[in-house]
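Here, residue 1 is the first one in the sequence, and each next residue gets the next number. All figures in this text were calculated on a predicted structure; none of them were measured in a lab.
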Amino acid sequence: MICREQDGAIVMVKQHDHGKLAGELAIGFKEQHVPTEGRREEVLWAVAQHDRGWIDLDETPFWNDAEQAPYTFIDFPVVPKLTFYKRGLDEIEEHTPYGALLCSLHFERLIKIAGLDYPELTLYQENEEERRARIHRELEASKPIGEDELYYDARLLEFCDDLSLYLALNEPGCPKSEEHPWWREGFSGTEDFSFTSGRVITAEWQDKSTLMLEPFPFEKTLEVAFMLRRVEKSEIAKKGIARAYSETPEEECRIVLTARNNI
């Protein structure tokens, strides 16, 4: 679950809904910069499905007693998190081995960034190294991976994941000083896209429904939507997180993504 606090409530977004949003962003990305190796549909599907391992977990949120808040994707206990990472990757591999390779690398990057150090991680990482090596061998025999293909696709997944998280973790319209700290200086890795000329893509809210990006990464102005729930803390105190969440109706958040020089 992706969570942020707002005016006596906890705004909650399902991980898979965030993933589907990332997939929409990938579809709108500047297509002339997509590698020509012919795996575009696999990549787009994998970006949209990269967090499918969280589908069942997010049906009922869990309460973190130590933090007095719902568990999020950041602090969720490591052992079940790894179990559902693997489950999601297994399901992705059934549909597209290349997509599983891409998503496995993505999770490996997130683990390293988080600096996690648990005994259970060793076995998980060894198994994922074996998965990636096997997929590489299988693809080399049928459809070899281009020299820059995997690197580019990993950057695409990273950016779409980051921008989707940015939209879920920030209150629309908030000033730069109140943004989530992860992206105040821009989206790391985006300087590798050819159209950025070595610059990092940055974001700034124009208003509560419009986000400006520079350099602009999409073919055209893009409107996206995702579902969220604003669960009142008073309801959580009375009913518990599971019931309060289930009884809170979903609402749609719509955001227009535009180039800064369009205003």
Side-chain angles (χ1 to χ4, degrees), residues 1-28 47-78 80-81 83-85 87-88 91 103 106-107 110 114 157 160-175 178-183 203 205-211 222-257:
M1 195 72 69
I2 300 166
C3 303
R4 60 179 168 85
E5 295 193 23
Q6 181 202 23
D7 299 333
I10 300 176
V11 178
M12 306 179 71
V13 177
K14 292 181 178 180
Q15 281 285 114
H16 189 49
D17 285 349
H18 139 75
K20 290 186 290 185
L21 173 59
E24 290 298 312
L25 297 172
I27 291 171
V47 173
Q49 299 293 321
H50 77 272
D51 270 338
R52 65 174 296 106
W54 293 90
I55 291 175
D56 291 339
L57 282 174
D58 278 353
E59 284 304 309
T60 304
F62 296 84
W63 190 252
N64 184 339
D65 288 325
E67 298 296 329
Q68 286 299 291
Y71 274 111
T72 74
F73 70 101
I74 297 172
D75 59 10
F76 200 82
V78 168
K81 179 189 290 189
T83 299
F84 283 89
Y85 271 0
R87 174 178 170 178
E91 292 176 357
C103 293
H106 180 65
F107 292 145
L110 296 181
L157 172 55
C160 293
D161 180 49
D162 277 352
L163 181 54
S164 179
L165 281 174
Y166 177 99
L167 294 172
L169 283 171
N170 284 301
E171 177 64 20
C174 71
E178 295 178 10
E179 279 184 0
H180 194 285
W182 287 353
W183 305 286
W205 292 99
Q206 176 184 338
D207 52 44
K208 291 186 176 182
S209 61
T210 308
L211 182 68
L222 188 66
E223 184 177 24
V224 296
F226 60 97
M227 305 306 293
L228 56 81
R229 301 189 199 205
R230 300 179 193 273
V231 186
E232 296 293 332
K233 291 183 179 180
S234 58
E235 293 299 298
I236 295 173
K238 287 191 295 185
K239 303 174 181 176
I241 183 61
R243 183 178 168 191
Y245 176 82
S246 68
E247 293 181 359
T248 300
E250 285 191 318
E251 58 184 271
E252 186 180 64
C253 178
R254 302 191 72 87
I255 303 293
V256 173
L257 306 174

A.B. asks: Once you round to the nearest 0.5 Å, how far does CG of Leu25 lie from CG of Leu257?
C.D. replies: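 The distance works out to 6.5 Å.
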A.B. asks: Taking Arg4 as the fixed residue, which of Glu178, Glu171, Glu179 is the one that meets the salt bridge (charged side-chain N to carboxylate O under 4.0 Å, His left out) rule?
C.D. replies: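 Filter result, single survivor: Glu171.
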A.B. asks: Does any non-hydrogen side-chain atom of Met12 lie less than 4.5 Å from one of Pro61?
C.D. replies: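 Sidechains of Met12 and Pro61: in contact.
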A.B. asks: Minimum heavy-atom separation for Leu169 to Cys3, with atom names?
C.D. replies: CD2-O, 3.5 Å
A.B. asks: To the nearest 0.5 angstrom, please state how far the CD atom of Glu24 sits from the CD atom of Glu223.
C.D. replies: 11.5 Å
A.B. asks: Please tell me if the side chains of Pro70 and Ile10 come closer than 4.5 Å, counting only heavy atoms from C-beta onward.
C.D. replies: yes
A.B. asks: Measuring only between side-chain heavy atoms, which start at C-beta, is Lys14 closer than 4.5 Å to Met227?
C.D. replies: no
A.B. asks: Taking the side chain as every heavy atom from C-beta outward, state whether Arg243 and Glu235 have any atom pair closer than 4.5 Å.
C.D. replies: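 A side-chain contact is absent here, since even the closest heavy-atom pair is not under 4.5 Å.
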A.B. asks: Is there a donor-acceptor pair under 3.5 Å between the side chain of Lys20 and the backbone N or O of Gln49?
C.D. replies: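 Flag not set: sc Lys20 to bb Gln49 has no pair under 3.5 Å.
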A.B. asks: Do Leu211 and Val256 have side-chain heavy atoms sitting under 4.5 Å apart?
C.D. replies: no
A.B. asks: Please work out which of the three classes, parallel, tilted or perpendicular, describes the rings of His50 and Phe107, given edges at 30° and 60°.
C.D. replies: tilted
A.B. asks: If you compare all heavy atoms of Thr210 against all heavy atoms of Asp207, which two are closest, and at what distance to 0.1 Å?
C.D. replies: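 For Thr210 and Asp207, the tightest heavy-atom pair comes out as N-OD1, 2.9 Å.
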A.B. asks: Could you check, using the six-membered ring where one of them is a Trp, whether Phe76 and Phe62 have ring centers closer than 6.0 angstrom?
C.D. replies: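 Close enough - the centres of the two rings lie under 6.0 Å apart.
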A.B. asks: List the atom of Cys253, the atom of Leu228, and the distance in Å for their closest heavy-atom pair.
C.D. replies: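 For Cys253 and Leu228, the tightest heavy-atom pair comes out as CB-CD2, 3.8 Å.
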A.B. asks: May I ask you to decide whether Glu251 forms a salt bridge with Arg229, counting only side-chain N to carboxylate O separations under 4.0 Å?
C.D. replies: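 Arg229 and Glu251: not salt-bridged.
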A.B. asks: Can you tell me how far apart CZ (Phe226) and CD (Glu250) are? Round to the nearest 0.5 Å.
C.D. replies: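 Nearest 0.5 Å value for the CZ-CD distance: 11.5 Å.
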A.B. asks: Working to the nearest 0.5 Å, report the span between CG of Asp17 and CD1 of Ile2.
C.D. replies: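 Output value for this atom pair is 9.0 Å.
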A.B. asks: Hey, could you give me the CG/CD1 distance between Leu165 and Ile74, rounded to the nearest 0.5 Å?
C.D. replies: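 Between atom CG of Leu165 and atom CD1 of Ile74 there are 8.5 Å.
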A.B. asks: Work out which heavy atom in Met1 is nearest to a heavy atom in Asp58; give both atom names and the distance.
C.D. replies: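 Between these two residues, the closest heavy atoms are N-OD1, 3.1 Å.
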A.B. asks: Working to the nearest 0.5 angstrom, can you tell me the gap between Cys174 SG and His180 NE2?
C.D. replies: 11.0 Å
A.B. asks: Nearest heavy-atom pair of Ala244 and Lys239: which atoms, and what distance?
C.D. replies: N-CB, 4.2 Å
A.B. asks: Please examine the side chains of Leu21 and Leu167, heavy atoms only from C-beta on, and report whether any two atoms are closer than 4.5 Å.
C.D. replies: yes
A.B. asks: With heavy-atom distances below 4.5 Å as the criterion, would you say the side chains of Gln68 and Trp63 are in contact?
C.D. replies: yes
A.B. asks: Please list all pairs passing the salt bridge (charged side-chain N to carboxylate O under 4.0 Å, His left out) test where one or both residues lie in residues 65-75, with sequence neighbours left out.
C.D. replies: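 Sorted pair list comes back empty.
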A.B. asks: Sequence neighbours left out, what passes salt bridge (charged side-chain N to carboxylate O under 4.0 Å, His left out) with Glu232? Give chain and number order.
C.D. replies: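 Result, salt bridge (charged side-chain N to carboxylate O under 4.0 Å, His left out) vs Glu232: none returned.
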A.B. asks: With the side chain counted from C-beta on, respond yes when Thr248 and Tyr245 share a heavy-atom pair under 4.5 Å apart, and no when they do not.
C.D. replies: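 A side-chain contact under 4.5 Å is absent here.
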A.B. asks: Are the side chain of Asp51 and the backbone N or O of Trp54 linked by a donor-acceptor pair below 3.5 Å?
C.D. replies: no
